[in-house]
Amino acid sequence: MKIPGSAIRPWRTLLVAVFAALAYGAVAAHDFSVGDIRITHPFATPSLPGATTGAAYFVELENQGTKADKLLRASTPVAARVELHNMTVDAQGVMRMREIDGLELPSKATVKMRPGMGDHLMLVGLKKPLKEGETFPMSLQFERAGKVEVKVYVQTPPAAGAMADMHGH
């Protein structure tokens, strides 16, 4: 028995819609919110064997509110402590990294974190290596928005141009 194409189309449309909804759910699972703060795709880079430090980032950290906020601290069971750091390159090309007392989030602003530049979370005293494909929890404390626990994905980041699409993986 041959089924006419017009009878198959509604089922095909339904299947496409179901798969699209499932894909959206996977993407949304990478985003977290607390108060006016939206955290997009927390990730850490795999650590080198024997390394005692690692780094974690967010594709975006967005303050959607009308008042400034500040990321005060973070903690995770995979490291003895988490430090907020900023990295800059001076006029002579020397990279300088320093611990900061918090990450300012002006109202209606978005902070993007990228390996090798700017702000990041330094994982100090790793209890085990960070391996590609693993996840771990991290608690973030904001001055106004409060506390939230996020899931951090360990992955090798894509090329810089693909960072904006990273939360879709």
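In this text, all values refer to a predicted model and were calculated from it rather than measured experimentally. Excluded from the calculations below are hydrogen atoms, water molecules and symmetry mates; all remaining heavy atoms, backbone and side chain alike, are included. The residues of the chain are indexed from 1 along the displayed sequence.
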So, do [X] and [Y] sit near enough that their side-chain heavy atoms are less than 4.5 Å apart?
X: Pro42; Y: Phe32; value: yes
X: Val152; Y: Val78; value: no
X: Thr66; Y: Lys108; value: yes
X: Leu123; Y: Met138; value: yes
X: Thr88; Y: Asp90; value: no

Open item on the list: Within a 6.0 Å radius of atom NZ on Lys67, are there more than 12 heavy atoms belonging to other residues, nucleotides or ligands?
Closed with: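 Result for NZ/Lys67: open.
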Could you tell me whether the side chain of [X] and the main chain of [Y] form a donor-acceptor pair under 3.5 Å?
X: Asp69; Y: Arg144; value: yes
X: Ser47; Y: Leu130; value: yes
X: Asn63; Y: Leu105; value: yes
X: Thr76; Y: Pro137; value: yes

TODO: Decide if the gap between the ring center of Phe43 and the ring center of Tyr57 is smaller than 6.0 angstrom.
DONE: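 Yes, they do, as the ring centres are separated by less than 6.0 Å.
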TODO: Kindly state whether the ring of Phe58 and the ring of His41 have centres lying under 6.0 angstrom apart.
DONE: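 Distance test on ring centres: not under 6.0 Å, no.
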Looking only at the side chains, is there a donor atom on one of [X] and [Y] sitting less than 3.5 Å from an acceptor on the other?
X: Asp119; Y: Asn86; result: yes
X: Ser75; Y: Arg73; result: no
X: Thr156; Y: Glu132; result: yes

Which heavy-atom pair separates [X] from [Y] by the least distance, and what is that distance?
X: Pro46; Y: Gln155; result: CD-O, 3.4 Å
X: Pro157; Y: Pro115; result: CG-CG, 3.7 Å
X: Ala145; Y: Gly35; result: CB-CA, 4.2 Å
X: Leu103; Y: Met113; result: CD2-CE, 3.4 Å
X: Val124; Y: Thr53; result: CA-CG2, 4.3 Å

Gap separating the [atom1] atom of [X] from the [atom2] atom of [Y], nearest 0.5 angstrom:
X: Ile39; Y: Asp31; atom1: CD1; atom2: CG; answer: 9.0 Å
X: His85; Y: Met122; atom1: NE2; atom2: CE; answer: 5.0 Å
X: His120; Y: Arg114; atom1: NE2; atom2: CZ; answer: 14.5 Å
X: Glu62; Y: Glu60; atom1: CD; atom2: CD; answer: 6.5 Å
X: Lys151; Y: Thr135; atom1: NZ; atom2: OG1; answer: 5.0 Å
X: Ser33; Y: Arg38; atom1: OG; atom2: CZ; answer: 7.0 Å

Going hydrophobic residue to hydrophobic residue with side-chain gaps under 4.5 angstrom, can you get from [X] over to [Y]?
X: Leu72; Y: Val111; value: no
X: Ile100; Y: Met97; value: no
X: Leu61; Y: Met87; value: no

Open item on the list: Quick one, Leu140 with Leu71, criterion side chain to side chain contact (heavy atoms under 4.5 Å, CB included). Give me CA distance, side-chain angles, the key distance, then yes/no.
Closed with: CA-CA 7 Å; Leu140 306 172; Leu71 176 59; 3.9 Å; yes
TODO: May I ask you to say whether Glu143 pairs ionically with Lys70, meaning some side-chain N is under 4.0 Å from a carboxylate O?
DONE: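 No.
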TODO: Could you give me the CA-CA distance, side-chain angles and deciding distance for Arg98 and Arg96, then say whether side chain to side chain contact (heavy atoms under 4.5 Å, CB included) is met?
DONE: CA-CA 7 Å; Arg98 65 182 175 88; Arg96 304 210 185 268; over 6 Å; no
